[in-house]
Amino acid sequence: MPSLLSLYRKILFGRKPGWDQKPLPNIYVQASNVIASPEKIRQYAEVCGFDFDGSILPPTYLYVWAFRLHATIFTHKAVTFPLLGMIHLKNSISAFRPVRADETLTVQCELTDSRHTDSGLEFDLVSKVFVADELVWQALSTYLYRIESTGRRTRPPKASAMAWENVQQWRLTEDLGRRYAKASGDYNLIHLHPLLSKRFGFERVLAHGMWSKARALSQLMPHIGERAFQVDVEFKLPVFMPSEVTFAFESIDNGKSFEMRDAKGRRPHLHGSVTYL
């Protein structure tokens, strides 16, 4: 499995000219004989709110490995734009069965599709995790390389119509990004310290989008149990830290719908759903 530290070195200090207006090619990478560290799993479970019993992996933990292969693809010469110009739009994870922490994994990732939209270049990365020949986990991540359009204004997203009841309130400390980075290995500078995030145009440090997804899913695991399921999220507005966010969910046909919003419950940071397979 590649080191994210060395990959980020290439991403941060390598020079890429920007999108060359060409569709992206299919790019495939694979890592075999992957074994998770129990200590890293515990760190991840603690920062994301999962109950880790020492046996079953939190379902979103496998994205930690998948993202290393994403970063490998981002450094490919055919990808002519920088990682720091990209936005994670949405993510879907299918967990076909619980995965044990001691299982040996094969992780695959492929850039499968790209398309030009009004906002820029969208592209999809499909990640798969196998135990021997058994597909146990799969994810689809959609990213956007934003291209500024003169005169076009983006409307702020609105909260969904879901019943906003039994609301939880979470206090996010300024060091959350560093704690998540230590557990996941994802040391993107905008998540680490305000002085670093300001260099990239953000007044405060941002929470990882996949932390938000994991934190939301951790609240739903008692309802999911050991069932196979799919969890889909759309990332709406960035989460700045320190801050307070609110979270609630409601039952839908064959699953749950959920949302993470600002402290007043008006603006959505993340919207998602869990459906049982």
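Considering only heavy atoms from C-beta on, Thr104 stays 4.5 Å or farther from Val131 through its side chain. Side-chain contact between Leu121 and Ser114 is present, with heavy atoms from C-beta onward closer than 4.5 Å. Looking only at side-chain heavy atoms (C-beta outward), Ile56 and Arg100 come within less than 4.5 Å of each other.
Checking Thr275 against Asn254 by side-chain atom types alone, no donor-acceptor pair falls below 3.5 Å. With 3.5 Å as the limit, one finds a donor-acceptor pair spanning the side chains of Ser127 and His70. In this model, a donor atom of one side chain and an acceptor atom of the other lie less than 3.5 Å apart for Trp170 and Gln168.
Counting heavy atoms of neighbouring residues, nucleotides and ligands inside a 6.0 Å radius, atom CZ of Arg171 exceeds 12 of them. By the 6.0 Å contact criterion, CG on Asp102 is enclosed, its count of non-hydrogen atoms from other residues, nucleotides or ligands being greater than 12. More than 12 heavy atoms of other residues, nucleotides or ligands sit less than 6.0 Å from atom CD of Gln169.
In the hydrophobic cluster analysis, where Ile, Leu, Val, Met, Phe, Trp and Tyr join through side-chain heavy atoms closer than 4.5 angstrom, Leu220 is grouped together with Met210.
A cation-pi arrangement is absent between Arg42 and Phe52, since the terminal nitrogen or guanidinium carbon is not both under 6.0 Å from the aromatic centre and inside a 45° cone about the axis.
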### Query
Does the pair Arg215 and Ser212 meet the rule for a side chain to side chain donor-acceptor pair (under 3.5 Å), with working shown?
CA-CA 5 Å; Arg215 184 69 180 89; Ser212 298; over 6 Å; no
### Message
Set out, in order, the CA-CA distance, both residues' side-chain angles and the distance that settles side chain to side chain donor-acceptor pair (under 3.5 Å) for Ser92 and Asp232, then state yes or no.
### Response
CA-CA 4 Å; Ser92 174; Asp232 300 291; 2.5 Å; yes
### Message
Would Phe229 and Tyr276 count as a ring-ring contact (aromatic ring centres under 6.0 Å, His included) here? Give the steps.
### Response
CA-CA 4 Å; Phe229 70 94; Tyr276 307 124; 7.7 Å; no
### Message
Assess the residue pair Phe235 and His269 against the criterion (ring-ring contact (aromatic ring centres under 6.0 Å, His included)); give the C-alpha distance rounded to whole Å, side-chain angles, the decisive distance to 0.1 Å, and a yes or no.
### Response
CA-CA 6 Å; Phe235 302 106; His269 293 295; over 10 Å; no
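Residues in residues 52-63 take part in these side chain to side chain donor-acceptor pair (under 3.5 Å) pairs, two or more places apart or across chains: Tyr44-Thr60, Tyr63-Tyr143.
Under a 4.0 Å N-O distance rule, the pair Glu134/Arg97 qualifies as a salt bridge. Salt bridge annotation for Lys90-Glu234: absent, with no cationic side-chain nitrogen under 4.0 angstrom from a carboxylate oxygen.
A distance of 12.0 Å separates CZ in Arg261 from CG in Leu237, rounded to the nearest 0.5 Å. Interatomic distance, OG1 of Thr142 versus CG of Leu125, reported as 8.5 Å (0.5 Å rounding).
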Show me the side-chain donor-acceptor pairs of residues 23-33 shorter than 3.5 Å, one per line, residues at least two apart or across chains.
residue	atom	partner	partner atom	Å
Asn26	ND2	Glu110	OE2	3.2
Tyr28	OH	Gln30	OE1	2.7
Tyr28	OH	Gln108	NE2	3.3
Gln30	OE1	Gln108	NE2	3.1
Gln30	NE2	Ser32	OG	3.2

